J.: 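Dumping the structure here so I can ask a few things about it.
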Amino acid sequence: MKSLKQIINRYIRSAAIVMALVILVVIAFAEILIEQGRVEDTAAGTFVRLEQIIEENENELKQVKEKYDKTCLHDAEAIAFLLQKDPEATNDTLKLKKICESAGA
């Protein structure tokens, strides 16, 4: 038969192991929650930066498109002016090529 001291010691060891395991599980759970919060914050920051980059790219694309449209319009006006000066060039491929090259088209 076991003595009362042995029974108490065994009970204390078992209780200590169970408490240690419970504490480890609680700590692990808390760490997981904290890390999940960090990941969510990081993701939110990343999405905000991506939105800003997309907005900047859209603005830049709009400016480039406007500039390109103006350049095309300018080139078309220049070609139209040159064809008004030389209407016979509309039937001459070589002259048309020269006009396009001189207009930057």
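These numbers come from a predicted model, not from an experiment.
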J.: Hey, what do you get for OG1 (T42) to CD (E40), rounding to the nearest 0.5 Å?
T.: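 Rounded to the nearest 0.5 Å, the OG1-CD separation comes out at 10.0 Å.
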
J.: So, the side chain of Q6 versus the backbone of S3: is there a donor-acceptor pair under 3.5 Å, distance only?
T.: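 Present.
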
J.: Hydrophobic clustering (ILVMFWY, side-chain heavy atoms < 4.5 Å, transitive) - are V64 and L73 grouped together?
T.: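 Per the 4.5 Å side-chain linkage, L73 and V64 are not co-clustered.
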
J.: With side chains defined as the heavy atoms from C-beta onward, is the minimum distance between H74 and K70 less than 4.5 Å?
T.: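 In short, these two side chains do not touch, never coming nearer than 4.5 Å.
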
J.: Side chains of I8 and K5: does their closest heavy-atom pair fall under 4.5 Å?
T.: no

J.: Once rounded to the nearest 0.5 Å, what's the spacing between atom CG of L50 and atom CG of N57?
T.: 10.5 Å

J.: Same cluster or not: are V18 and V26 linked, directly or through other Ile, Leu, Val, Met, Phe, Trp or Tyr residues, by side-chain heavy atoms under 4.5 angstrom apart?
T.: yes

J.: Could you measure the distance from the CD1 atom of I34 to the CD atom of Q36? Nearest 0.5 Å is fine.
T.: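 Between I34 CD1 and Q36 CD, I get 11.5 Å after rounding to 0.5 Å.
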
J.: I need the I54 CD1 to F47 CZ distance, nearest 0.5 Å.
T.: 10.0 Å

J.: Rounded to the nearest 0.5 Å, what separation is found between the CG atom of D41 and the OG1 atom of T46?
T.: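 Between atom CG of D41 and atom OG1 of T46 there are 10.5 Å.
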
J.: Can you name the one residue among E66, K67, K65 that meets side-chain contact (heavy atoms from CB on, under 4.5 Å) with D69?
T.: K65

